[in-house]
2 protein chains.
Amino acid sequence: MNTPTSLSLEENLTAAAQWCTKRGEKLTDQRREVLSLLLAAPGSMKAYDLLAAIQKQKPTAAPPTVYRALDFLVAAGLAHKLESKNAFVACCDFEHPHHGVMLICDQCLTVKELSDETLEARLIEDAAAYGFSVAAQDIEVKGLCANCRNSESEGKP
Amino acid sequence: MNTPTSLSLEENLTAAAQWCTKRGEKLTDQRREVLSLLLAAPGSMKAYDLLAAIQKQKPTAAPPTVYRALDFLVAAGLAHKLESKNAFVACCDFEHPHHGVMLICDQCLTVKELSDETLEARLIEDAAAYGFSVAAQDIEVKGLCANCRNSESEGKP
DNA sequence: CTTCAAATTGATATGTTATAACATCTTTAA
DNA sequence: TTAAAGATGTTATAACATATCAATTTGAAG
């Protein structure tokens, strides 16, 4: 899913570059830099935070610098936008062209992406019942992740 | 669901006012005006479009005027925000405290809200499998509504 | 190797969405 | 009647995103 599970940062970047090549595109330095920041982040990152990070190396970077890279990464399936937070996360499951279920922790802000084909099928069915044909979907769930639930319950009776 | 089915605009507004009273709140003129605009709109409306509409009656209205009303309406369940479009829709099913599935037509921009308890249960289950407890969810589906699909297929062989 | 076209990046400006902060007015209940 | 809570007025600014056009890089054709 979205979190760098078994692969290292470098391995992820290499795999991403290969994926781009396969698509007839290129993971340029700027795109690679943004993806690298997203992969390294524990949760999601905002465009202007990415910009600030990039400006440390390259002070002339401007908003279009980062938004262009983000547009590219999202189009390539290498990142997702969290619409409800105006934030972005890396996606390591880029070979599959879908946008999964995003579990966003209200407390620690980490994001876990999960996939449920049955759920998606049901959604498409529901839509079809109204004559609606689905092109894309965005499912964002807010709540508390396992870690934060544990921390919360610690101080209690 | 979200569309004013059987009730007239006035009836909807009256029902909304009663709902607010029940909650110990008030549907003030400004809130009523914004809700009225949302109810009358075929699809969703953006905050600054609402503002422009309100300024026709009341030229001194400013962004907080409309954002405050929207915050109130969303909190009361009388409207929903479409995160992926930064837009707002009225919700006539305000007595039920959930955010349903939003079917957003890419072409005519109308919005249909539907409810599927089974789908929601599945989502909560999926999340629970990762130790995640759900507080809120937002499901937005893009595609073509029945009408627009028909219009599209007309000119074809 | 050169040259052209396409893709990418640089740079500036501006558009769009949303909130902070503080003043004022209104309502309500003690 | 008056203090507290709620709602609105007003100004300013923060936060998010894109348009536009110039410059540069890349890669393929000649």
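In what follows, chains are A, B, ... by sequence order, proteins preceding strands, each numbered from 1. On a predicted model such as this, the values are computed, not experimentally measured, just so you know.
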#### Entry: Parallel, tilted or perpendicular: rings of B:Tyr67 and B:Tyr48 (30°, 60°)
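Ring orientation of B:Tyr48 relative to B:Tyr67: perpendicular.
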[X] side chain N/O closer than 4.0 Å to the phosphate oxygens (OP1, OP2) of [N]?
| X | N | answer |
| --- | --- | --- |
| B:Lys81 | C:dA18 | yes |
| B:Asn86 | D:dC16 | no |
| B:Lys26 | D:dG6 | no |

Tell me which nucleotide among [options] gets nearest to the side chain of [X].
| X | options | value |
| --- | --- | --- |
| B:Lys58 | C:dT8, D:dG9, D:dA17 | D:dG9 |
| A:Arg31 | C:dA18, D:dG9, C:dT9 | C:dT9 |
| A:Thr65 | D:dT11, C:dA18, C:dG10 | C:dG10 |
| B:Thr28 | D:dA7, D:dT10, C:dA18 | D:dA7 |

Round to a whole Å and report the spacing from [atom1] of [X] to [atom2] of [N].
| X | N | atom1 | atom2 | result |
| --- | --- | --- | --- | --- |
| B:Leu51 | D:dG9 | CG | P | 12 Å |
| A:Lys85 | D:dA15 | NZ | P | 15 Å |
| B:Met45 | C:dT17 | CE | P | 12 Å |
| B:Glu83 | D:dA17 | CD | P | 12 Å |
| B:Arg32 | D:dA7 | CZ | P | 17 Å |
| B:Tyr67 | C:dT16 | OH | P | 12 Å |
| A:Asp71 | D:dC16 | CG | C1' | 13 Å |
| B:Leu70 | D:dA7 | CG | C1' | 16 Å |

### Query
Ignoring hydrogens and angles, are the base of C:dA18 and the side chain of B:Tyr48 linked by a donor-acceptor pair under 3.5 Å?
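Yes, a donor-acceptor pair under 3.5 Å.
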### Task
Decide yes or no, distance alone: a donor-acceptor N/O pair under 3.5 angstrom between the base of D:dG9 and the side-chain of B:Arg68.
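Flag set: donor-acceptor pair detected.
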#### Entry: Rounded distance (nearest 0.5 Å) linking atom CG of B:Leu38 with atom CG of B:Leu73
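Taking CG in B:Leu38 and CG in B:Leu73, the distance rounds to 7.0 Å.
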### Task
Determine, step by step, whether A:Lys81 and B:Ser84 satisfy the side-chain hydrogen bond (donor to acceptor under 3.5 Å, both in side chains) criterion, reporting the C-alpha distance in whole Å, the side-chain angles of both residues, the deciding distance to 0.1 Å, and the verdict.
CA-CA 9 Å; A:Lys81 178 173 185 183; B:Ser84 67; over 6 Å; no
### Message
Does any part of the side chain of B:Val66, heavy atoms only, come nearer than 4.5 Å to the side chain of B:Leu70, both counted from C-beta?
### Response
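Answer yes - side chains close enough.
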### Message
I'd like to know if the side chain of A:Thr14 reaches the main chain of A:Glu10, judged simply by a donor and an acceptor atom lying under 3.5 Å from each other, with no hydrogens or angles considered.
### Response
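Checked: pair present.
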